[in-house]
Amino acid sequence: MKPLRTLELDGSEPLSATAVKAVTDLCDRAEDPHGHGVTSVHVTGAPHGDWTGGLDVTLVTKWERALRRLERLPAATLAVARGDCGGTALDAFLAADLRVAAPDTRLLVPRDATATWPGMAGYRLVQLAGAARVRGAVLFGRPIEAAEALALGVVDELADDPAAAATAAADLADGLSGKEIAIRRQLLFDAATTSFEDALGAHLAACDRALRQGADEEVAAS
């Protein structure tokens, strides 16, 4: 198995420029043309109290852009969750390709006295599980327990030792091209909103790319 690039995020800590930089630095390492391996994020913790007190929309925008970059990396990404996960922990967890959780994990959309936080975690939950099945979590902050998250497809695997399970899950990407994974991921994203006719061209282009690469490898081997 290829080595893992790992970042740990504590969702109990308020969103900060430090968190943005940590995700950005992780993406820099993953995009290094000389680097190899799977990008891993270990998350735990959820906000409490007046956690939005020091935030502004500029910082939130930078955070969402960093997450989008993580979500579109030319590398396989996996996330490992333990305990209550909200805020930055939930955001990063939902942005990964593979998601492993301990049985005590609870996914929490943060809320304050007036409403839940309207960040992109709600969007990703709906994309993964459907609006009806996560309505309570997105509108009211109802915790999503680990077993429910697995049934919804938000979590791929529950494990008493999630770190070991994540290492095993990373074997799925062993030997695969990070750039090719990124192309397949984008085709996957687009499939939910694109008609067959509009999607066909992108899929045929990807097939042509794969065939050309296979032909080049045969020539190189001869």
Side-chain angles (χ1 to χ4, degrees), residues 4-16 18-24 26-27 38-52 55 59-60 63-64 66-71 73 76-112 115-130 133-170:
L4 276 64
R5 292 173 293 270
T6 301
L7 171 68
E8 295 186 1
L9 282 175
D10 184 351
S12 67
E13 297 179 357
L15 174 60
S16 65
T18 300
V20 174
K21 186 177 186 304
V23 173
T24 300
L26 180 69
C27 293
V38 176
T39 299
S40 173
V41 182
H42 292 236
V43 301
T44 191
H48 53 82
D50 185 22
W51 68 279
T52 61
L55 295 185
L59 178 59
V60 175
W63 172 246
E64 294 292 359
L67 287 175
R68 186 58 169 163
R69 186 178 170 195
L70 174 68
E71 192 171 41
L73 282 178
T77 58
L78 66 89
V80 181
R82 185 183 295 277
D84 284 357
C85 293
T88 58
L90 177 62
D91 288 338
F93 184 75
L94 296 177
D97 294 323
L98 296 168
R99 295 172 297 276
V100 179
D104 68 343
T105 299
R106 297 196 310 164
L107 305 181
L108 304 167
V109 177
R111 54 176 289 175
D112 56 23
T116 52
W117 177 245
M120 293 299 286
Y123 174 87
R124 290 186 173 93
L125 283 170
V126 171
Q127 291 295 305
L128 289 168
R133 298 200 290 176
V134 295
R135 183 184 300 272
V138 174
L139 295 184
F140 309 112
R142 181 181 65 79
I144 301 177
E145 305 285 345
E148 180 185 4
L150 179 66
L152 292 173
V154 176
V155 167
D156 295 305
E157 182 179 354
L158 296 183
D160 291 323
D161 185 355
T167 300

_Pairs meeting criterion salt bridge (charged side-chain N to carboxylate O under 4.0 Å, His left out) with involvement of residues 142-153, two or more places apart_ = Arg142-Glu148
Measure across [X] and [Y] and return the closest heavy-atom pair with its distance rounded to 0.1 Å.
{"X": "Leu70", "Y": "Ala95", "result": "CD2-CB, 4.3 Å"}
{"X": "Gly87", "Y": "Pro47", "result": "N-CD, 3.6 Å"}
{"X": "Ala149", "Y": "Leu107", "result": "CB-CD1, 4.1 Å"}
{"X": "Cys85", "Y": "Ala46", "result": "C-CB, 4.2 Å"}
{"X": "Val134", "Y": "Val126", "result": "CG2-CG2, 3.9 Å"}
{"X": "Ala159", "Y": "Pro103", "result": "O-CD, 3.3 Å"}

*Applying the side chain to side chain contact (heavy atoms under 4.5 Å, CB included) test to Ile144, which of Leu108, Val154, Leu152 qualifies?*
Leu152
_Candidates Val43, Leu67, Leu128 - the one meeting side chain to side chain contact (heavy atoms under 4.5 Å, CB included) with Leu94_ = Leu128
Short question: side chain of [X], backbone of [Y] - any donor-acceptor pair under 3.5 Å?
{"X": "Asp112", "Y": "Ala115", "value": "yes"}
{"X": "Arg111", "Y": "Phe140", "value": "yes"}
{"X": "Thr52", "Y": "Leu55", "value": "no"}
{"X": "Thr116", "Y": "Val138", "value": "yes"}
{"X": "Thr105", "Y": "Ala101", "value": "no"}
{"X": "Asp97", "Y": "Ala76", "value": "no"}
{"X": "Asp156", "Y": "Val100", "value": "no"}

Taking atom [atom1] of [X] and atom [atom2] of [Y], what is their separation to the nearest 0.5 Å?
{"X": "Arg135", "Y": "Leu125", "atom1": "CZ", "atom2": "CG", "result": "13.5 Å"}
{"X": "Arg68", "Y": "Cys27", "atom1": "CZ", "atom2": "SG", "result": "12.0 Å"}
{"X": "Ser12", "Y": "Asp84", "atom1": "OG", "atom2": "CG", "result": "10.5 Å"}
{"X": "Leu26", "Y": "Thr77", "atom1": "CG", "atom2": "OG1", "result": "9.5 Å"}
{"X": "Asp91", "Y": "Leu9", "atom1": "CG", "atom2": "CG", "result": "9.5 Å"}
{"X": "Leu78", "Y": "Phe93", "atom1": "CG", "atom2": "CZ", "result": "10.0 Å"}

*Walk me through it: do Thr6 and Val41 pass the test side chain to side chain contact (heavy atoms under 4.5 Å, CB included)?*
CA-CA 6 Å; Thr6 301; Val41 182; over 6 Å; no
_Tell me whether the count of non-hydrogen atoms from other residues, nucleotides or ligands lying under 6.0 Å of CD in Glu157 goes above 12._
yes
*Check the side chains of Arg82 and Thr44 for a donor-acceptor pair under 3.5 angstrom, ignoring hydrogens and angles.*
no
*Name all residues meeting the ring pair (Phe, Tyr, Trp, His ring centres under 6.0 Å) criterion together with Trp63; count only those two or more places apart in sequence or in a different chain, and write none if there are none.*
none
*With side chains defined as the heavy atoms from C-beta onward, is the minimum distance between Thr88 and Glu13 less than 4.5 Å?*
no
